Amino acid sequence: MAKTHWLYAFLVLAATTARAAEAPAAGGMERGAYLARAGDCIACHTAPGGADFAGGLAFDTPVGRIYSTNITPDRETGIGAYTLEDFARAVRQGVAKDGHHLYPAMPYPSYAKVSDADIKALYAYFHDNVAPVKQANRPSAIPMPLGFRFPLAVWDALFLKEGAYRPDPAHDARWNRGAYLVEGLGHCGACHTPRAVTLQEKALSDRDGSTYLSGSKFDGWFAKSLRGNDRDGLGGWSEGDIVTFLKTGTTDRTAAFAGMAEVVQHSSQFLTDDDLEAIAHYLKSLRARQGAPEAPARTIQAAAAPAEDHPSRGGAAYSQYCVTCHRADGGGVPRIFPALAGNDVVETADATSLIHIVLGGGRIAHTMAHPMPFAMPEFTKMDNREVAEVVSFIRTAWGNDAGPVTVDQVAKVRATLGKAEAKP
Amino acid sequence: MTSALPQMKKVRIMRQTLLTGFLVLGLMPPAVAGSPVQDSQPPSLLVKFAPPKLADIPDDANGKQVLYGRRLVMETARLLPDNVGDVLNCTSCHLGGGMVAGASPFVGQAAASYPRNNARAGHTVTLEQRINGCFQRSMNGKPLPEDSAEMKAMIAYFNWLSAGLPPHAKVEGAGIGKIDKSLMPDPAHGKQIYGAKCAACHGTDGNGLKDAKGNYVFPPLWGDKSFNVGAGMARTYTAAAFVKHNMPIAWGLNAPLGQGGALSDQDAVDVAEYFSHQPRPDFAGKAKDWPNGGKPKDARY
């Protein structure tokens with residue numbers, strides 16, 4: 001693994017153009033704008049209530065606060081003075097025009113795969129179509145000596161695999177298009193691939209190994225495995241389910257929440273059906289991660305309501321707090337309330353997200369398909385024991401097959417609630 | 001781009017969190033669940049809304065009766081077909097089985113807090129009579145015999161919900177909340193609101209939504225399977241107060257149902273006028289209502 005990293009770092013110096021990387025005729029949307037959506041630039045480069053792309057969104061980090069930058073074409077405060085080459089270097093290598101290294105909150109290790117043609121289209125979009133906004137970047141509050149950006153150059157040398165996506169000849173154009181979007185602009189791995197202690201994603205593509213997209217935990221959430229054959233990944237999903245999910249934020253059984261709801265809202269709902277199908281096709285091709293239970297997941301039967309009123313304390317809590325929406329049989333309501341029976345988020349070994357959503361609530365993506373984004377209330381008032389009981393119940397009811405959770409696990413997730421939200 | 005943004009930050013931030021390699025997290029004290037304060041209150045005072053927990057029901061004969069009562073409230077149409085003429089359950093309106101503040105909760109409805117005055121009946125009513133009022137109107141059905149096991153179980157459940165409350169305590173969140181009754185309804189606007197904020201669950205035709213097994217997950221708001229004109233919910237301002245404070249559910253992050261908060265008083269009055277005045281069953285006993293006067297302005301007859 002480490003060897004591959006080194007090889008890439010040294011060998012792949014020049015960007016190669018990839019045919020699979022050509023953007024499609026994006027249904028009506030101008031190409032650069034389409035790609036900016038695919039890369040979800042707006043999510044990080046826009047502060048709440050601020051102008052689009054003017055930056056200023058705060059990221060609270062354990063070592064200090066940093067702010068995203070202004071990427072509008074304002075000459076003084078934005079990227080108006082950037083040449084195409086400057087722009088390409090920033091996006092793909094994380095080096096700003098003045099030569100300083102960007103913090104890897106900018107997902108340039110993934111964006112490195114973006115093709116020359118797409119970089120050009122993005123550049124044209126940001127230059128010509130985005131309204132310039134004069135707004136000076138806010139300096140980061142990272143104290144010396146961590147404020148030295150120099151170590152980042154070292155980090156980059158180690159982990160940045162420079163070079164645009166190269167199509168894999170063993171696969172067809174659709175697969176390659178999917179891989180290009182997932183590994184590149186989509187930067188799915190930024191959240192779904194586990195990271196090493198040194199921070200880098202353990203794998204930047206499936207070629208690096210089956211840790212790629214195998215699920216990752218951070219700040220009280222667990223971003224699930226996206227591997228097409230992991231049972232707790234997308235093993236139980238059809239390609240059609242994945243497309244529907246990315247387009248609308250829901251399927252008949254599940255709903256995007258937390259960070260993923262925003263990805264759907266700001267990015268994936270705008271992708272063409274062709275691109276979404278390519279993404280789904282590629283994800284479903286990923287074999288199960290090493291040691292993971294292999295799909296096919298069982299076909300989900302309509303679950304029966306628990307026969308007894310009082311199967312357990314957790315069951316009683318379920319019928320007190322959850323049953324109106326998720327229903328006695330755990331079947332939810334298609335496209336409105338997620339099913340809990342046979343839901344891989346419920347059954348994932350790492351119950352972090354499950355506990356988090358019970359405590360903190362959530363909201364489904366606001367999409368063209370869901371002008372009324374339904375919410376899950378926050379149950380902060382339930383004590384840790386009650387949460388552990390009810391979560392353990394749903395992980396074992398209706399044929400669900402996951403382990404119980406402890407009071408301690410709930411306490412740990414509770415401690416992360418609201419912690420990461422930066423107040424700019 | 002509303003409340004969603006902070007979450008996104010979270011996603012990005014994890015890179016930085018991982019930078020340290022550690023999650024340095026202090027444990028917060030567990031949130032304190034609403035504790036009952038009723039014992040210390042003089043009877044006339046407002047009592048905090050703190051329903052007990054089903055998980056604490058003892059596994060004994062009384063516990064079984066309470067749970068049976070709860071089940072009847074939750075699945076009234078299925079379990080009591082002879083008494084229910086529509087497809088509703090008590091919990092369709094008394095949300096969460098009567099455990100939701102502002103949705104006419106059963107907390108505070110112990111048998112001992114009756115008889116109570118009832119202008120519609122023209123005399124005081126017992127809890128049995130009050131329940132049967134809802135059977136005949138809201139459920140468009142027939143009264144449940146007062147000495148039946150079912151009636152007793154429902155009352156056992158109400159008593160359990162109200163245990164420890166002084167009989168004439170006023171529970172916070174009792175009833176269905178307030179609405180400005182001076183507002184004039186605009187049903188045309190109400191129809192628009194219905195389409196935008198209600199139809200996703202209750203159906204464009206007001207028929208509700210059934211699951212694959214044929215059970216209603218979202219109750220109908222009008223038509224022959226809905227409550228009759230004698231029901232409180234058929235009255236514009238009663239329905240408006242209910243809707244303002246309770247509908248839609250899953251709208252906000254507020255526990256327990258994310259209910260209410262979506263509509264202004266005017267919007268609620270408009271949408272209530274719209275759906276309550278759609279076709280629905282008649283109520284045979286309507287001539288006997290309000291025998292001593294005091295009929296509210298939004299009465300249907």
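All chains are named by letter (A, B, ...) in the order of the sequence lines, taking the proteins before the strands, and each is independently numbered beginning at 1. Keep in mind it's a predicted model, so treat the numbers as computed, not measured.
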Roughly how far, to the nearest 0.5 Å, is CD1 of B/I249 from SG of A/C325?
4.0 Å
Tell me the residues of residues 198-212 of chain B whose non-hydrogen atoms fall below 4.5 Å from those of chain A, in number order.
B/A200, B/C201, B/L209
Chain A shares the most heavy-atom pairs under 4.5 Å, among B/G96, B/G63, B/G252, with B/G252
Measuring only between side-chain heavy atoms, which start at C-beta, is B/K53 closer than 4.5 Å to A/Y321?
yes
Over all atoms of both residues, closest heavy-atom pair of A/P377 and B/L257:
CG-C, 3.9 Å
How long is the span from the CG atom in B/L54 to the CD atom in A/Q320, to the nearest 0.5 Å?
4.0 Å
Heavy-atom pair count under 4.5 Å with chain B, highest-scoring of A/R335, A/R385, A/R327, A/E389:
A/R327
Using a cut-off of under 4.5 Å for heavy-atom pairs, which of A/F337, A/F257, A/Y318 has the most such pairs with chain B?
A/F337
Please report the interatomic distance CE(B/M99) to OG1(A/T324), rounded to the nearest 0.5 Å.
10.5 Å
Within 6.0 angstrom of B/K225 NZ, more than 12 heavy atoms from elsewhere
no
Mind listing the closest non-hydrogen atom pair of B/A255 and A/E378 along with its distance?
CB-O, 3.4 Å
Please flag which part of A/M376 lies under 4.5 Å from any non-hydrogen atom of chain B: side chain, backbone, both or neither.
backbone
Heavy-atom donor-acceptor pair, A/R363 side chain to B/W251 backbone, under 3.5 Å:
yes
Under 4.5 Å from any heavy atom of chain B - which part of A/V323
side chain
Of the backbone (N, CA, C, O) and the side chain (C-beta and beyond), which part of B/A262 lies under 4.5 Å from a heavy atom of chain A, both, or neither?
neither
